[in-house]
Student: 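Quick one: the structure is below, and I'll ask about it shortly.
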Amino acid sequence: MISRIDLRGAALPEGAALRSVLPRADFDVAAALEKVRPICEDVHHRGDEALIEYAEKFDGVRLDRVRVPAEALTEALASLDPQVRAALTESIRRVRIVSREQRRQTSVTQVVPGGTVSEKWVPVDRVGLYAPGGRAVYPSSVIMNVVPAQEAGVPSIALASPAQKEFGGLPHPTILAACELLGIDEVYAAGGATAVAMFAYGTESCAPASMVTGPGNIWVAAAKRYFTGVIGIDAEAGPTEIAVLADDTADPAHVAADLISQAEHDPLAAAVLVTDSPALADAVDKELVPQVAATRHVEDRIAPALGGRQSAIVLVDGLDEGLAVVNAYGAEHLEIITADAAAVADRVRNAGAIFVGAYSPVSLGDYAAGSNHVLPTGGCACHSSGLSVQSFLRGIHVVDYSRDALAEVAAHVVTLAEAEDLPAHGAAVKARFDWTVPGT
């Protein structure tokens, strides 16, 4: 059901060589980019008309308008299952607690008497948030996008999710209910690259945004790449992935359940176990069979995900080698199920989020840990972070020097300007003084 990669018995390769032997899904954003380019430009030139036509083409429903009417949001929340509402409310509460603690304060540094450099944190003016709506419905992604944007103080927040034929062209009602719970009243029935283009360019009904965030399929990732430099983005999210670093203390039933939990997202989802215990590897293999048989989405998602080249059990000689593998892999979600798991987690350098011990499964982080589940994929955790309040903030330096403070450093500024053959830079300082070159 899942392949094995045996890295025991020899020194591990390093860097790119190690990454090249680890499992990963094929995810060709560059090829998809050429397909989304004309779609994005069509939205640019025809606005809402193009959005309506693409909803009919891709989602099979003809829209009267792209923006979701306010009464649809109200009705969705009113008809929401009370248990689902309670779960969403608790998830919002926990994510807000964590997000609120991430807010940054202005710092003021006195460099010299009369000379300060401050850094103030300012939210972007407007964000477009994306909640997927393809193989599954993700109200949790609404929460994970909206709450940090709200806590960052973003003044204008809009959200898009694909039109659903089953619901008369509206996004899924649970998505709408989550928006209503969060006080988001600007919601659009738009999906994939068209939603990103709508936020990037603006249309008759939707003002352009400064930034777009949220997970999505390859078309969303390609559209984000297309608009990089035009708008801010969080990341080019690829297929979801879990890596589990485990030793012989791990319960194979837990490990198997966690691998399956990510595999049910998508046939390209990655499930990777890294262990120094052949006995655990065998037991997990055995556990996967009945657990997969007992769940849903087997043929279209779980079986191809577990059996794909992106998933594997990786055998290593010891914990140090296991850490080297998971640091090279840079998983979106990394579980540590070992003896002294917290100490092991402290040694991890590359992961979107780390889940410590047997009772911190990825599923907890997806919904109710308080952490954010919009995380870097495809190894991007080696250089990027998950979504947070900081994603929506810009640090702006404020320089405030008095005449005396500038005078004290003026000669150095002029010297460096002349060293770079930029005499006008030095002249801008000299103009403020009755200038005499020091030493003459």
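Positions are given from 1, in the same order as the sequence printed here. Quick caveat: nothing in here was measured; it's all calculated off a predicted structure.
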Student: Is the shortest heavy-atom distance from the side chain of Arg96 to the side chain of Gln150 under 4.5 Å?
Tutor: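 Yes, at least one pair of side-chain atoms sits under 4.5 Å.
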Student: Quick one: are Ser91 and Ser140 in side-chain contact, heavy atoms under 4.5 Å?
Tutor: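 A side-chain contact under 4.5 Å is absent here.
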Student: Does the side chain of Glu335 come within less than 4.5 Å of His254's, by heavy atoms?
Tutor: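 Of all side-chain heavy-atom pairs linking Glu335 with His254, none is under 4.5 Å.
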Student: Over all heavy atoms of both residues, which pair between Leu18 and Pro13 is shortest? Give the atoms and the distance, please.
Tutor: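 It is CB-O, 3.4 Å.
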Student: Could you report the tightest heavy-atom contact between Ile260 and Ile302, atom names first, then the distance?
Tutor: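 Where Ile260 meets Ile302 most closely, the heavy atoms are CG2-CD1, 3.9 Å.
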Student: Drop me the distance from Leu259's CG to Ser261's OG, to the nearest 0.5 angstrom.
Tutor: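 One gets 7.5 Å once the value is rounded to the nearest 0.5 Å.
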Student: With a 4.0 Å cut-off on N to O distance, would you call Glu90 and Arg94 a salt bridge?
Tutor: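 A salt bridge links Glu90 with Arg94.
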Student: Looking at Glu236 and Lys224, is any side-chain nitrogen of the basic one under 4.0 Å from a carboxylate oxygen of the acidic one?
Tutor: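 Salt bridge absent between Lys224 and Glu236.
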Student: Take Thr213 and Val127 through the test side chain to side chain contact (heavy atoms under 4.5 Å, CB included) and record every step on the way to the result.
Tutor: CA-CA 8 Å; Thr213 73; Val127 295; 5.7 Å; no
Student: Atom OG of Ser371 and atom CD1 of Ile354: how far apart are they, to the nearest 0.5 Å?
Tutor: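 It comes to 11.5 Å.
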Student: Taking 4.0 angstrom as the limit, do Glu119 and Arg104 come out as a salt bridge?
Tutor: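 No.
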Student: Say whether Thr116 and Asp400, considering side chains only, have a donor N or O and an acceptor N or O under 3.5 Å apart.
Tutor: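 There is no such pair between these side chains.
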Student: With a 4.5 Å cut-off on side-chain heavy atoms, are Asn372 and Val147 touching?
Tutor: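 Side chain of Val147 against side chain of Asn372, heavy atoms only: no contact under 4.5 Å found.
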Student: Supply the atom-to-atom distance Ile39 CD1 to His44 NE2, rounded to the nearest 0.5 angstrom.
Tutor: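 Those atoms lie 16.0 Å apart.
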Student: Counting only N and O atoms by type, is there a donor-acceptor contact under 3.5 Å from the side chain of Asp59 to the main-chain atoms of Gln164?
Tutor: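 No.
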Student: Answer yes or no: is there an ion pair linking Arg309 with Asp26, defined by an N-O contact shorter than 4.0 Å?
Tutor: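 A salt bridge links Arg309 with Asp26.
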Student: Going by an N to O cut-off under 4.0 Å, is there a salt bridge joining Arg62 and Glu56?
Tutor: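 So Arg62 pairs with Glu56 through a salt bridge.
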Student: Using a 3.5 Å distance criterion without hydrogens, assess whether the side chain of Gln262 forms a donor-acceptor pair with backbone atoms of Ala270.
Tutor: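 Not a single qualifying donor-acceptor pair exists.
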Student: Contact between Asp6 and Arg4 at the side-chain level, heavy atoms closer than 4.5 Å - yes or no?
Tutor: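 Side chain of Asp6 against side chain of Arg4, heavy atoms only: no contact under 4.5 Å found.
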Student: If you draw the axis of the six-membered ring of Tyr329, does the NZ or CZ of Arg24 fall within 45° of it and under 6.0 Å from the ring centre?
Tutor: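 Geometry flag: set, cation within 6.0 Å and 45°.
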Student: Find out whether Leu387 and Met144 are in side-chain contact, i.e. whether some heavy atom of one side chain is under 4.5 Å from a heavy atom of the other.
Tutor: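 Not in contact.
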Student: Could you tell me whether the side chain of Ser79 and the main chain of Glu75 form a donor-acceptor pair under 3.5 Å?
Tutor: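 Answer holds: yes.
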Student: Quick one: are Val61 and Leu63 in side-chain contact, heavy atoms under 4.5 Å?
Tutor: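 When only atoms from C-beta onward are counted, Leu63 and Val61 do touch, with a gap below 4.5 Å.
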Student: Measure across Ser311 and Ser3 and return the closest heavy-atom pair with its distance rounded to 0.1 Å.
Tutor: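 That would be O-OG, 3.2 Å.
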Student: Classify the ring geometry of Phe355 against His333: parallel below 30°, tilted from 30° to 60°, perpendicular beyond 60°.
Tutor: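 Phe355 vs His333 ring planes: tilted.
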Student: Taking C-beta and beyond as the side chain, do Val137 and Pro173 meet within less than 4.5 Å on heavy atoms?
Tutor: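 No - every pair of side-chain heavy atoms lies 4.5 Å or more apart.
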Student: Could you give the distance from CZ (Phe58) to OG1 (Thr194), rounded to the nearest 0.5 Å?
Tutor: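 OG1 of Thr194 is found 7.5 Å from CZ of Phe58.
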